[in-house]
Engineer: 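Encoded as structure tokens, here's the structure I'll be asking about.
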Amino acid sequence: MASSSQFRYTQTPSKVVHLRNLPWECVEEELIDLCKRFGKIVNTKTNVGANRNQAFVEFGDVNQAISMVSYYASSSEPAQIRGKTVYIQYSNRHEIVNNQSPGEVFSAYGFVHKIATFEKAAGFQALVQFTDVDTALAARTALDGRSIPKYLLPEHVGSCNLRMSYSAHTDLNIKFQSHRSRDYTNPYLPVNQTAMDGSMQPALGADGKRVETQSNVLLALIENMQYAVTVDVLHTVFSAYGTVQKIAIFEKNGSTQALIQYSDISTATMAKEALEGHCIYDGGYCKLRLTYSRHTDLNVKAFSDKSRDYTLPDLSQLVGQKVPGVAAASGPTDGWPNGQVQTQYMGSSYMYPPADPTGAPPSSGHPPHYG
DNA sequence: AGCACA
């Protein structure tokens, strides 16, 4: 299959090389500095990929690209930019196409200096700073009332209609690069890693104040995940505080996260406060980091190994029949280091419905392991 | 650490 060839060890040489793991906001000059000694660079494309940390460099001749790829394939010193190792392979295309990319909706109208996004009661809002009023006016005129193209939106996001007006601000004060805010004029501004993870940790709003919008949906980051965390495990853990409606597990930036939906905010808040920082398993394994999701109603497959919709009828039979993790919990399971963990997992001494009528996190007998 | 476009 052609789509998998990009991961094969042997790739078809191309005069275009693909560079990944680039540092934040890596600029063309840095790419050129790295590549120019191998040949004539005829084109570049930066800020490629979901994280905008990939790029393409096109050489005038395929032999120049071969010399570069070959050099770093056998070099003891990896290619580096700003001290960060850069991985280089042939691109799976043979030329760079620099078409106008409305990838950034607002960049189509001029250089976007800074963006700050935040939640208000009226909805999601963003401040977008251009060079001058004329550019801002052009963007406003063109975009007000329109919607963001669907292909630019994440899955499960419906239409996003833009309502635009002039801000009272003239110069935004961006504290760090994150999924909420950007300063494109300052590539060395620190990256807020937790914010880049989309973990929705208390972030700075445009006014500089902490914002943490409550939600009936919790976002769980699972730290130190030595053992598999299944939908069923999460369902058991979070059902201690109320009826769980939906669960979705997904990978983001190499770590496992989950969304857990309750019917209301107060139940979610109880669960969040009770479970935050606690571990599903003894020994500090699978520690839960809980924040409020910006979702309020998950759009998940009713039944899969990564998601569940408990609001739909007749799933219990399916669950009993088809979920390996459920059956496995009562018997030997691949991947479990020993029987003791299983015993603890099934033994309700952890995050199963708390015996404690106060609803406090279940910690009986194992206080040292919580933290 | 993994491929642009619509």
Side-chain angles (χ1 to χ4, degrees), chain A residues 1-32 34-35 38 41-60 62 64-66 68-109 112 142-143 146-162 177 179 182 184 187 191 193 196-198 225 250-257:
Chain A
M1 181 182 287
S3 61
S4 62
S5 65
Q6 69 193 65
F7 297 119
R8 285 189 347 211
Y9 181 72
T10 52
Q11 284 187 297
T12 309
S14 163
K15 60 182 192 295
V16 182
V17 292
H18 173 236
L19 303 94
R20 63 183 191 273
N21 199 38
L22 294 166
W24 173 259
E25 287 286 306
C26 179
V27 294
E28 183 187 42
E29 285 70 24
E30 294 171 298
L31 296 175
I32 292 173
L34 178 69
C35 302
F38 297 98
I41 296 166
V42 300
N43 205 352
T44 67
K45 189 178 184 70
T46 59
N47 297 325
V48 169
N51 297 124
R52 301 167 56 81
N53 61 352
Q54 301 170 46
F56 298 98
V57 170
E58 181 176 339
F59 286 97
V62 66
Q64 298 168 345
I66 290 173
M68 181 173 191
V69 171
S70 303
Y71 176 84
Y72 283 116
S74 59
S75 170
S76 58
E77 290 296 316
Q80 289 189 329
I81 291 180
R82 280 185 240 161
K84 196 164 186 237
T85 296
V86 175
Y87 300 90
I88 300 164
Q89 288 180 304
Y90 302 114
S91 171
N92 50 205
R93 297 188 197 180
H94 290 270
E95 63 176 323
I96 293 177
V97 290
N98 282 75
N99 35 12
Q100 89 274 2
S101 87
E104 288 82 26
V105 172
F106 290 91
S107 293
Y109 304 92
V112 174
L143 293 173
R146 298 187 60 194
S147 52
I148 297 174
K150 311 126 295 276
Y151 65 87
L152 292 176
L153 298 172
E155 290 179 36
H156 305 313
V157 173
S159 64
C160 286
N161 298 313
L162 298 168
Q177 316 286 11
H179 74 298
R182 289 277 204 289
Y184 297 98
V191 175
Q193 195 54 53
M196 290 301 286
D197 289 345
M225 203 178 78
F250 57 97
E251 296 285 326
K252 191 153 187 177
N253 300 330
S255 67
T256 298
Q257 303 185 18

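Every heavy atom of this structure was used, including side-chain atoms; hydrogens, water molecules and symmetry mates were not. Letters A, B, ... are given to chains in the order of the sequence lines, protein chains preceding strands, and every chain is numbered from 1.
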Engineer: Mapping A:Y87 and A:S91 onto DNA chain B by nearest heavy atom, which one lands closer to the 5' end?
Structural biologist: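 Between the two, 5'-proximity favours A:Y87.
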Engineer: Nearest-Å distance, CG (A:N51) to P (B:dA1)?
Structural biologist: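 Atom CG in A:N51 sits about 11 Å away from atom P in B:dA1.
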Engineer: Using the side-chain heavy atoms of A:V16, tell me which of these nucleotides is nearest: B:dA4, B:dC3, B:dA1.
Structural biologist: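 Within the option list, the nearest is B:dA4.
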Engineer: Scan residues 84-96 of chain A for pairs that pass salt bridge (charged side-chain N to carboxylate O under 4.0 Å, His left out), counting only residues two or more places apart or in two chains.
Structural biologist: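 Salt bridge (charged side-chain N to carboxylate O under 4.0 Å, His left out) check on residues 84-96 of chain A returns no pairs.
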Engineer: Nearest-Å distance, NZ (A:K15) to P (B:dA4)?
Structural biologist: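 So the two atoms are 18 Å apart, to the nearest Å.
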Engineer: Provide, to the nearest angstrom, the distance between the CD atom belonging to A:E28 and the C1' atom belonging to B:dA4.
Structural biologist: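 About 15 Å, once rounded to whole Å.
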Engineer: Quickly work out the A:K45 NZ to B:dC3 P distance and round it to whole Å.
Structural biologist: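 Interatomic distance, NZ of A:K45 to P of B:dC3: 14 Å.
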Engineer: Which whole-number value in Å describes the distance from A:E251 CD to B:dA1 P?
Structural biologist: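 Rounding to the nearest Å, CD of A:E251 and P of B:dA1 are 14 Å apart.
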Engineer: What distance do A:Q177 atom CD and A:Y184 atom OH have between them, rounded to the nearest 0.5 Å?
Structural biologist: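 Taking CD in A:Q177 and OH in A:Y184, the distance rounds to 8.0 Å.
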Engineer: Please determine which of A:T46, A:L19, A:I32 meets the side-chain contact (heavy atoms from CB on, under 4.5 Å) test together with A:V57.
Structural biologist: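 For A:V57, the side-chain contact (heavy atoms from CB on, under 4.5 Å) test succeeds with only one of A:T46, A:L19, A:I32, which is A:L19.
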Engineer: Which sits closer to the 5' end of DNA chain B, A:N21 or A:H94, going by the nucleotide each is nearest to?
Structural biologist: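 Result of the comparison: A:N21.
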Engineer: Whole Å only: how far is the CG atom of A:L22 from the P atom of B:dA4?
Structural biologist: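 After rounding, the reported distance stands at 15 Å.
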Engineer: Starting at atom CZ of A:F56, determine the distance to atom C1' of B:dC3, rounded to an integer number of angstrom.
Structural biologist: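 The distance from CZ of A:F56 to C1' of B:dC3 comes to 4 Å, rounded to the nearest Å.
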Engineer: What is the nucleic acid contact for A:E95, judged by heavy atoms within less than 4.0 Å: base, sugar-phosphate only, or nothing?
Structural biologist: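 Base contact.
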Engineer: What is the distance, to the nearest angstrom, from the CZ atom on A:R52 to the C1' atom on B:dA4?
Structural biologist: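 In whole Å, B:dA4 C1' and A:R52 CZ are 12 Å from each other.
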Engineer: Check every atom of B:dC5, B:dA1, B:dC3 against the side chain of A:R93 and return the nucleotide holding the closest atom.
Structural biologist: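 Out of B:dC5, B:dA1, B:dC3, the nucleotide with an atom closest to A:R93's side chain is B:dC5.
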Engineer: Mind checking ring-ring contact (aromatic ring centres under 6.0 Å, His included) for A:F59 and listing every partner two or more places apart, or none if nothing turns up?
Structural biologist: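 In terms of ring-ring contact (aromatic ring centres under 6.0 Å, His included), with neighbours along the sequence ignored, A:F59 is linked to no residue.
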